[in-house]
Novice: 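Structure provided below as structure tokens; questions to follow.
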Amino acid sequence: MNKVKIRMASRYRPRKTVVITGGNTGLGYHCAKNLATNKDWHVIIACRNRDTAAEAVERLIVETSNEHIEQMSLDLASLASVRQFAKHFALRDVPPLRALVCNAGIQIVTGITYTQNGFETTFGVNHLGHFLLVNLGVADASV
């Protein structure tokens with residue numbers, strides 16, 4: 001009987017896609033898990049660390065029985081990485097993007113560090129990276 005359920009799930013194609021930045025841990029992970037319980041969603045975890053993202057995807061698939069969860073590389077501290085993510089996302093064969101959860105963030109409390117583009121890291125990652133991601137059209141979903 002389990003094989004029948006797995007086969008039926010594998011033929012089902014979600015109707016909409018969500019991208020969750022920082023969806024590998026914490027609030028982003030729980031957001032991904034909650035959305036993935038609804039099989040209408042194709043969930044993309046956008047994360048700078050491929051290993052932790054891959055582990056999160058594996059856990060989410062097991063916990064939600066939704067096989068339409070994947071990860072894509074995104075480093076919000078690099079505007080080149082954001083542009084590359086948007087370019088690769090546009091080439092994906094996924095359902096239409098219906099949600100973008102700008103969850104990833106950091107806080108540097110000692111000293112000042114800078115992104116690859118010369119911005120203060122907290123501001124660059126938490127604000128400018130997401131701003132560019134949205135404005136490159138990743139969130140240009142025709143609702």
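Position 1 is the first residue of the sequence, and the numbers go up from there. Since the structure is predicted, the reported quantities are computational estimates derived from the model, not experimental observations.
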Novice: Please evaluate residues Lys39 and His68 with respect to the criterion side chain to side chain contact (heavy atoms under 4.5 Å, CB included), reporting the C-alpha separation (whole Å), side-chain torsions for both, the decisive distance (0.1 Å), and the verdict.
Specialist: CA-CA 8 Å; Lys39 302 300 188 270; His68 298 283; over 6 Å; no
Novice: Enumerate the residue pairs fulfilling salt bridge (charged side-chain N to carboxylate O under 4.0 Å, His left out) with a member in residues 22-35, sequence neighbours excluded, ordered by first and then second residue.
Specialist: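 For residues 22-35: Lys33-Glu63.
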Novice: Which pairs with one or both residues in residues 16-25 pass salt bridge (charged side-chain N to carboxylate O under 4.0 Å, His left out), sequence neighbours excluded?
Specialist: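 Those involving residues 16-25 do not exist here.
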Novice: Sub-3.5 Å donor-acceptor pair from the side chain of Asn135 to the main-chain atoms of Phe131, do we have one?
Specialist: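 Present.
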Novice: If the threshold is 4.0 Å, N to carboxylate O, is there a salt bridge linking Asp40 and Arg98?
Specialist: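 Looking at Asp40 and Arg98, the cut-off is not met.
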Novice: I want to check something: taking the side chain as every heavy atom from C-beta on, are Leu74 and Cys47 in contact at a cut-off of under 4.5 Å?
Specialist: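 Contact flag for Leu74/Cys47 side chains = no.
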Novice: Hey, does the side chain of Thr17 reach the backbone of Pro95 with a donor-acceptor pair shorter than 3.5 angstrom?
Specialist: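 The answer is yes, because a donor-acceptor pair under 3.5 Å joins these two groups.
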Novice: Taking a hydrophobic cluster as the set of Ile, Leu, Val, Met, Phe, Trp and Tyr residues connected by side-chain heavy atoms closer than 4.5 Å, whether directly or through intermediates, do Leu133 and Val94 fall within one such cluster?
Specialist: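 Leu133 and Val94: one cluster.
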Novice: Under the ring pair (Phe, Tyr, Trp, His ring centres under 6.0 Å) definition, can you give me all pairs with a residue in residues 97-130, not counting sequence neighbours?
Specialist: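 Counting only pairs at least two positions apart or across chains, the ring pair (Phe, Tyr, Trp, His ring centres under 6.0 Å) contacts touching residues 97-130 are Phe123-His127.
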Novice: Might you work through the side chain to side chain donor-acceptor pair (under 3.5 Å) test for Asn103 and Thr21, ending with a clear yes or no?
Specialist: CA-CA 5 Å; Asn103 169 74; Thr21 66; 5.4 Å; no
Novice: Does Ile44 share a hydrophobic cluster with Val18, counting links as ILVMFWY side-chain heavy atoms below 4.5 Å and allowing steps through other members?
Specialist: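 They do not share one cluster, since no chain of ILVMFWY contacts under 4.5 Å joins Ile44 to Val18.
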Novice: Could you pull out all residues at least two apart from Arg59 that satisfy salt bridge (charged side-chain N to carboxylate O under 4.0 Å, His left out)?
Specialist: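 Partners of Arg59 by the salt bridge (charged side-chain N to carboxylate O under 4.0 Å, His left out) criterion come out as none, since no residue qualifies.
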Novice: List, one per line, each side-chain donor-acceptor pair under 3.5 Å for residues 75-84, sequence neighbours excluded.
Specialist:
| residue | atom | partner | partner atom | Å |
| --- | --- | --- | --- | --- |
| Asp75 | OD1 | Ala77 | N | 3.0 |
| Ser78 | OG | Ala80 | N | 3.4 |
| Ser78 | OG | Ser81 | N | 3.1 |
| Ser78 | OG | Gln116 | OE1 | 3.2 |
| Ser81 | OG | Asp75 | N | 2.8 |

Novice: Under the salt bridge (charged side-chain N to carboxylate O under 4.0 Å, His left out) rule, what pairs show up with a residue in residues 104-133, not counting sequence neighbours?
Specialist: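 Sorted result for residues 104-133: empty, none.
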